[in-house]
Protein chains: 2
Amino acid sequence: MTQTRLLETAVDYFGRLGFEGASTRDIARASATAMSSITYHFGGKEGLYLATADYIAAQISAWTGPFLDRAAATDIASPAIATDQTLMVLDGIAQMMLSPETEHWARYIIREQQTPTEAFDRLYCGAMQRIADTLIRLVAIARPDLDDRRGRVTAVMLFGQAMILRSGRSAVCRVLGTTDLGDADKALLRERLRVNAASILSDTPR
Amino acid sequence: MTQTRLLETAVDYFGRLGFEGASTRDIARASATAMSSITYHFGGKEGLYLATADYIAAQISAWTGPFLDRAAATDIASPAIATDQTLMVLDGIAQMMLSPETEHWARYIIREQQTPTEAFDRLYCGAMQRIADTLIRLVAIARPDLDDRRGRVTAVMLFGQAMILRSGRSAVCRVLGTTDLGDADKALLRERLRVNAASILSDTPR
DNA sequence: GTCTATACTACGATAGAC
DNA sequence: GTCTATCGTAGTATAGAC
């Protein structure tokens, strides 16, 4: 399908170069089709950009869906269970952040966070919202001592520890003294995320 | 100074639009000078881009310097003192991430993290390295039970919780139900970062 | 549906006046 | 140092053949 090929290429090009930096000529050439196919299928450059956001949202959902489903299917009867489920979901997110295939569209999302356009709405409503809602719900049960806003912030910061694996990848690599994260590095990062999250969630006030 | 005016504008334009997306014409116009001034002062578009990285590194150093200096001047005689100092440095970083003035160049850095160029070297060596080294050193003392690599990862993830205040700003705002972070939001975010970091650093193995 | 042609605009670099 | 003027290239969009 020309349409899918264009989307696949667009994720990469828009992610690396941004909306203005990416050229429809290049995207069309890399998709082995004519530039006017973009006009035909998506109405123009902007249409392609927005369609790319939907395409990415679908991929995020595919990645995180199984973990979120498992959390949704579990009866969260105690703070301990909520903590367990949070760690499970966070590890799923960390795996996503560490997976090479997610590199392309992660760039797109991070870019959209900095200067949100209509595409961010689609990303958030299409995929991120469910992740956020799940984490917030779990944290609320794991830490009943926190009020709503404090629970939400805690969920965000747990997410931040996973997020830096992508958003600060270059710095992470430098700190670990490598240019690319190996399997041992990834295992270590996931381990520490788990331990840190457990510390935060189990730290009931004294 | 035309040079400084160009740099100031370039931070904003390159940050928002990326290297390819930003046009020297626009940057010159917004700096109220001729496009050829860029060629004269920086040798061309790429020269301006790299000079912008140095300019940003200097600003980061100005922001974080006081906190890092204080940590460097303190005698870190115990894990408790190291924890205290870590919380102090992290709060400084959080303040930076929450400050509106840092929004422009944060975009530039985050972009460089995704697709590093020579400019990232300048940013890292010029400013980020000292922050990383300080945090790693403090964490190593606060948590002597962790080996070198685990200590480094912990430092990174502490940083990640502050970093998401910038790199995931749009998502943070949505989760808190606002479009802009108010003073109360910022205070809450700093408080939770502090509490979370304290949990992580004080969590000696049982 | 997909292609080639072309129209029009904007890009970065540079030469030369002041 | 800073400006205007201009060159060659590359951008998006669109019309029309197949």
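Side chains included, hydrogens not; waters and symmetry mates left out as well; all remaining heavy atoms used. Quick caveat, the model's predicted, so the values are computed rather than measured. Just so it is clear: chains get the letters A, B, ... in the order the sequence lines come, proteins before strands, and each one is counted from 1.
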Whole angstroms only, please: what is the CZ-P distance between A/R25 and C/dT4? 12 Å

B/Y49 and ring pair (Phe, Tyr, Trp, His ring centres under 6.0 Å): which single residue from B/F19, B/Y55, B/F42 fits? B/F19

side-chain N/O B/T39 vs C/dA13 OP1/OP2, d < 4.0 Å: no

What's the NE2-C1' distance between B/H41 and C/dA13, to the nearest Å? 16 Å

Send over the distance from B/R29 CZ to D/dC3 P, rounded to a whole Å. 13 Å

Closer than 4.0 Å, any side-chain N/O of B/Y40 to the OP1 or OP2 of D/dT2? no

So, do B/F120 and B/M128 sit near enough that their side-chain heavy atoms are less than 4.5 Å apart? yes

With respect to the phosphate group of D/dT14, does any side-chain polar atom (N or O) of A/S36 fall under 4.0 Å of OP1 or OP2? no

Counting C-beta onward and ignoring hydrogens, is there a side-chain heavy-atom pair between B/L193 and B/I93 closer than 4.5 Å? no

So, is B/T2 close to the D/dG1 phosphate, meaning a side-chain N or O under 4.0 Å from OP1 or OP2? no

Looking at B/F14, does the NZ or CZ of B/R16 lie under 6.0 angstrom from its six-membered ring centre and within 45 degrees of the ring axis? no

When you get a sec, tell me which of C/dC11, D/dC3, C/dG12 is the closest nucleotide to the side chain of B/D26? C/dC11

Whole angstrom value for the distance that separates P of D/dT12 from CD of B/E20: 13 Å

Which nucleotide, in any strand shown, forms a Watson-Crick or G-U wobble pair with C/dC3, with both distances under 3.5 Å? D/dG16

